[in-house]
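Side chains included, hydrogens not; waters and symmetry mates left out as well; all remaining heavy atoms used. In what follows, every chain begins at residue 1, and chains take the letters A, B, ... in the order their sequences are listed.
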Amino acid sequence: MNDLLGSMKKSCTCGELEKKHVNKQVILMGWVQKRRDHGGVIFIDLRDRKGITQIVFNPEINKKIHTKAQSIRNEYVLGVIGKVVQRPDNMINSNMATGDIEVLVNELKILNTAETPVFQIEKNVETSESVRLKYRHLDLRRPRLQKNILTRHKVSMVVRDYLNKNGFVDIETPFLTKSTPEGARDYLVPSRINQGAFYALPQSPQLFKQLLMISGFEKYYQIVRCFRDEDLRADRQPEFTQIDMEMSFVNEDEIIEIAEGLIKQIFKKVLDINLELPFKRITYDESIARFGLDRPDMRFALELCDVSNIVKDAGLNVFSNVVKKGGIVKAINVKGHSTFTRKEIDEFTEFVSIYKAKGLAWIKVKQDGWQAPIAKFFTDEKKQALSNCLNMEVGDIVFFVAASAQIANEALGQLRNQLARHLNLVNKNVYKFVWVTHFPLLEYDKVEKRYQAFHHPFTSPLEEDLEKLETALLEVKAKTYDIVLNGTEIGGGSIRIHSKGLQEKVLNALGIDKQEAQNKFGFLLDALSSGAPPHGGIAFGFDRLVMLLCQEDSIRDVIAFPKTQKAACSLTDAPSKISSRKLQELGIKVSELLEE
RNA sequence: GGGGGCGUAGUUCAGUUUGGUUAGAACGCCUGCCUGUCACGCAGGAGGUCGCCGGUUCGAGUCCGGUCGCUCCCGCCA
């Protein structure tokens, strides 16, 4: 039988006692981190969220309590009353925050016993993720997740504080909402009252925050859950959190400025790092040209170079044929690494094949000339041109990918990051931000055979590109801005369309005719015609941001109760089957194929 | 939908290449001893459906087929 808490009240935490508290009577409560039973004296490390304090049971001081303490095991929950005493000089533990003192116990309550945990509640005891997820309540006791979750809390506080002070209003938006045709797959919720009809969980509060601007709130924010029914990744969960913002009467610069201020505050308050503002800005086109990706890691150079014009008639068919078909040849010069082995090059070749590159050509620049299978195809003149373009010097190795622009850029951009990892060029303690602006408004989906919004269908085109809406859709750039930190997109936004006419035009370009537009977005179009102010906003991936601040590799490690890659919760076993009665109530019949 | 990795004591792993006696180690756990430890120490002990199902074989942790789970990635994620 456990002891009752009664009127016992924690007087301090296990992390705060030091020399100046000596002789004080204290009441501590917490979990047993470790017991060391010497037959005579028993030491117990008592842990709470703030730290660990050594408590001592001495049979000479209190025989009865000492006897009781013999039954204590790891993770038991204790309440103790005792006196803070200074440790003898030679027994001070300098590795411990509270190592100067210990607490001599004169009253002990065993508030709860505990089964031996399936894994040790300690730092640096490796445990597989499946076990950690199944016993998440135990994993959350450990220092790593405690720290991450507290960091997450701190970020959230800083965000709220900053936005509140800047006049933003926290407004909740519905979770039970309308399915939209564009974008990710929706999570659906059946309606019992309207059988056969479904709500969708929001992929983001996009339209609601625009409506709030139309309602005149001018500055909105929310730290809000979003839902997308797509396959998971280390940085993608089916439910995730955004810092969502929207402002009226602003242009891109004002939103970027507010967002930069927010990031600066977070880094200052959470990591005590002073970021320099403003962050660098590059356009989407420049980002793709120089780094191959729309989320460049700016911690290292290794820029890409388009060599199509030089190699297209160099007599090397794999290059010239690609250029003839409208593709490109891009190259990356890895300075000073002509020492790459055959095996390393093979690995890089295999790496780019993930991104559909069919091969990876290379040239090693040696003292006595080029060493490369493709070298013989180049005339001296071409060699010189290539050398100049890529700044090739003795000791360098250059990699080439020839493919469609999309594949070549993606493959070489990914290779760029891979090379940086391989060569250890990335410093984990450096934080390089960059804004990537002016994304295309639309892209062409070859599978669906139609245009799709690159960002979302409510994004405003650049004013100077409005005419191209009629003539060259794919050349229209948009008023967008993504913020990228060390190669990870942590946020993005846009200026929205606030005129009904333009919105209809863009929907039309997306292949949504007037009738369909009215059905699906009628409420927005109506609102736009009711006096909508110019407005725009941004959303940050809260989990990703916290992940980077915690130097974790997966957002699962900054979410208290994450899902597995099959979108299941190991702790609760969700999702699970439901009774036929409940299904009936909802008017839902599960396909026979799925039933056993 | 596709490709890669992993699955052996409570936990982390070795053993699988080349099938062969009783499947090992560390940590944890249990018992006893121990009055100054803090990775306490000493002595002893318990603990395994080798993910699951099937096949090959005299014999399978090991080989083959299937399946489930975890994970990384491609596709997907406006």
Side-chain angles (χ1 to χ4, degrees), chain A residues 33-46 52-61 66 70 73-75 85 87-96 98-99 102 104 115-135 138-139 180-186 203-204 206-207 226-238 240 350-357 407 410-411 414 418 439-443 445 447-448 451-459 478 480 489 492 494 506 510 539 541 553-554 556 563-566 568 570:
Chain A
Q33 178 67 36
K34 189 86 188 178
R35 103 196 129 96
R36 290 178 295 278
D37 184 346
H38 285 244
V41 68
I42 298 172
F43 300 100
I44 283 174
D45 291 339
L46 194 68
I52 290 177
T53 298
Q54 173 165 284
I55 61 177
V56 185
F57 298 86
N58 192 323
E60 280 171 14
I61 290 172
H66 175 266
Q70 286 175 325
R73 294 294 180 270
N74 283 351
E75 299 307 312
V85 297
R87 296 197 197 180
D89 279 352
N90 56 333
M91 284 148 205
I92 287 172
N93 184 346
S94 54
N95 298 324
M96 226 174 148
T98 60
E102 60 196 8
L104 280 181
E115 296 290 321
T116 303
V118 293
F119 50 82
Q120 290 160 258
I121 312 301
E122 275 178 55
K123 230 184 216 168
N124 305 328
V125 175
E126 290 289 320
T127 311
S128 68
E129 189 153 18
S130 48
V131 178
R132 289 174 53 206
L133 288 171
K134 184 154 184 191
Y135 300 94
L138 293 180
D139 199 23
T180 49
E182 298 286 311
R185 195 175 294 110
D186 290 316
Q203 297 171 28
S204 86
Q206 181 58 38
L207 291 176
C226 303
F227 306 87
R228 292 177 192 174
D229 186 5
E230 297 292 349
D231 287 351
L232 286 76
R233 288 283 193 286
D235 61 354
R236 271 166 32 192
Q237 285 272 304
F240 63 99
E350 192 171 333
F351 179 81
V352 295
S353 77
I354 296 171
Y355 306 96
K356 312 238 159 63
I407 288 174
E410 171 85 10
Q414 295 284 0
Q418 178 71 5
F439 278 63
L441 183 71
L442 306 164
E443 63 187 331
D445 185 329
V447 181
E448 301 279 328
Y451 290 97
Q452 282 198 339
F454 211 101
H455 185 57
H456 59 54
F458 320 109
T459 303
T480 63
E489 183 209 325
S494 62
V506 169
L510 289 167
D553 293 323
S554 164
R556 290 189 301 275
K563 307 254 185 303
T564 67
Q565 198 164 43
K566 290 198 79 185
S570 304

Assign Phe454(A) to base, sugar-phosphate, or nothing according to its heavy-atom contacts below 4.0 angstrom with the strands shown. sugar-phosphate
Pick base, sugar-phosphate or nothing for Glu410(A), based on heavy-atom distances below 4.0 Å to the nucleic acid. nothing
Who passes ring-ring contact (aromatic ring centres under 6.0 Å, His included) against His456(A), sequence neighbours left out? Phe458(A)
Remember a base hit wins even if backbone is also touched, and classify Glu126(A) as base, sugar-phosphate or nothing at under 4.0 Å, heavy atoms. sugar-phosphate
Within the 4.0 Å heavy-atom criterion, would you say Thr459(A) contacts the bases, only the backbone, or no part of the nucleic acid? nothing
Between C40(B) and Arg36(A), is there an OP1 or OP2 to side-chain N/O distance shorter than 4.0 Å? yes
Residues that Phe439(A) engages under ring-ring contact (aromatic ring centres under 6.0 Å, His included), provided they are two or more places apart: Tyr284(A), Phe454(A)
Results of side chain to side chain contact (heavy atoms under 4.5 Å, CB included) for Asp139(A) - residues two or more places apart only: Phe119(A), Arg132(A), Arg136(A), Arg142(A), Leu145(A)
Qualifying residues under salt bridge (charged side-chain N to carboxylate O under 4.0 Å, His left out), relative to Arg73(A), sequence neighbours excluded: none
Measure from CD1 on Ile42(A) to C1' on C40(B) and round the result to the nearest Å. 13 Å
Polar pairs (N or O, both sides) under 3.5 Å between protein and nucleotides 43-45 of chain B?
none

Aromatic-base stack, Phe43(A) on U37(B), cutoff 5.5 Å, angle under 30: yes
Mind calculating the distance between CD1 (Ile44(A)) and P (A39(B)) to the nearest angstrom? 16 Å
Heavy-atom pair of closest approach, residues Gln203(A) and Phe240(A): O-CZ, 4.3 Å
Separation of U37(B) atom C1' from Phe57(A) atom CZ, nearest Å, is 14 Å
With both distances kept under 3.5 Å, what pairs with G69(B), Watson-Crick or G-U wobble? C6(B)
Can you check whether any acceptor in the base of C77(B) is under 3.5 Å from a donor in the side chain of Arg236(A), or vice versa? yes
Quick check: are there more than 12 heavy atoms from other residues, nucleotides or ligands sitting under 6.0 Å from OH of Tyr451(A)? yes
Euclidean distance, atom CG of residue Asp553(A) to atom C1' of G5(B) [Å, nearest integer]: 16 Å
Could you write out each protein N or O paired with an N or O of nucleotides 24-31 of chain B at a distance under 3.5 Å?
| from | atom 1 | to | atom 2 | distance (Å) |
| --- | --- | --- | --- | --- |
| C27(B) | O2' | Gln120(A) | OE1 | 3.1 |
| C27(B) | O2' | Gln120(A) | NE2 | 3.2 |
| C29(B) | OP1 | Asn74(A) | ND2 | 3.2 |
| C30(B) | OP1 | Arg73(A) | NE | 2.7 |
| U31(B) | OP2 | Arg73(A) | NH2 | 3.2 |

Quick check on C74(B): is either OP1 or OP2 less than 4.0 Å from any side-chain nitrogen or oxygen of Arg233(A)? yes
How many Å lie between CG on Asp235(A) and P on C73(B), as a whole number? 7 Å
If the P atom of U62(B) is compared with that of C70(B), how far apart are they to the nearest Å? 23 Å
Whole angstrom is fine here: how far is it from NE2 in His66(A) over to P in C34(B)? 11 Å
Is any side-chain N or O of Gln565(A) closer than 4.0 Å to OP1 or OP2 of C72(B)? yes
Using Watson-Crick or G-U wobble geometry with both distances below 3.5 Å, tell me the partner of G61(B), or none. none
List the residues meeting ring-ring contact (aromatic ring centres under 6.0 Å, His included) with Phe43(A), not counting sequence neighbours, and say none if there are none. His38(A)
Classify the nucleic acid contact of Asn95(A) as base, sugar-phosphate or nothing, counting any heavy atom under 4.0 Å across all strands shown. nothing
Between CD1 of Ile121(A) and P of U12(B) the distance, given in whole Å, is 13 Å
Please tell me if Ser128(A) has a side-chain N or O lying less than 4.0 Å from either OP1 or OP2 of C6(B). no
Face-to-face contact His38(A) to C40(B) six-ring, under 5.5 Å, under 30°: yes
Classify Glu129(A) by what it touches in the nucleic acid, base, sugar-phosphate, or nothing, heavy-atom distance under 4.0 Å. sugar-phosphate
Residues in side chain to side chain contact (heavy atoms under 4.5 Å, CB included) contact with Ser554(A), at least two apart in sequence or another chain: Ala234(A), Arg556(A), Asp557(A)
Does Asp231(A) contact G75(B) through a side-chain donor or acceptor facing the base, at a distance under 3.5 Å? yes
Separation of atom CD in Gln418(A) from atom P in G4(B), rounded to whole Å: 18 Å
State, without any angle test, whether Arg35(A) and Gln70(A) hold a side-chain donor-acceptor pair at a distance under 3.5 Å. no
Hydrogens and angles aside, do Glu410(A) and Gln414(A) bring a side-chain donor and acceptor to less than 3.5 Å of each other? yes
Can you list the residues that meet the salt bridge (charged side-chain N to carboxylate O under 4.0 Å, His left out) rule with Glu443(A), with sequence neighbours excluded? none
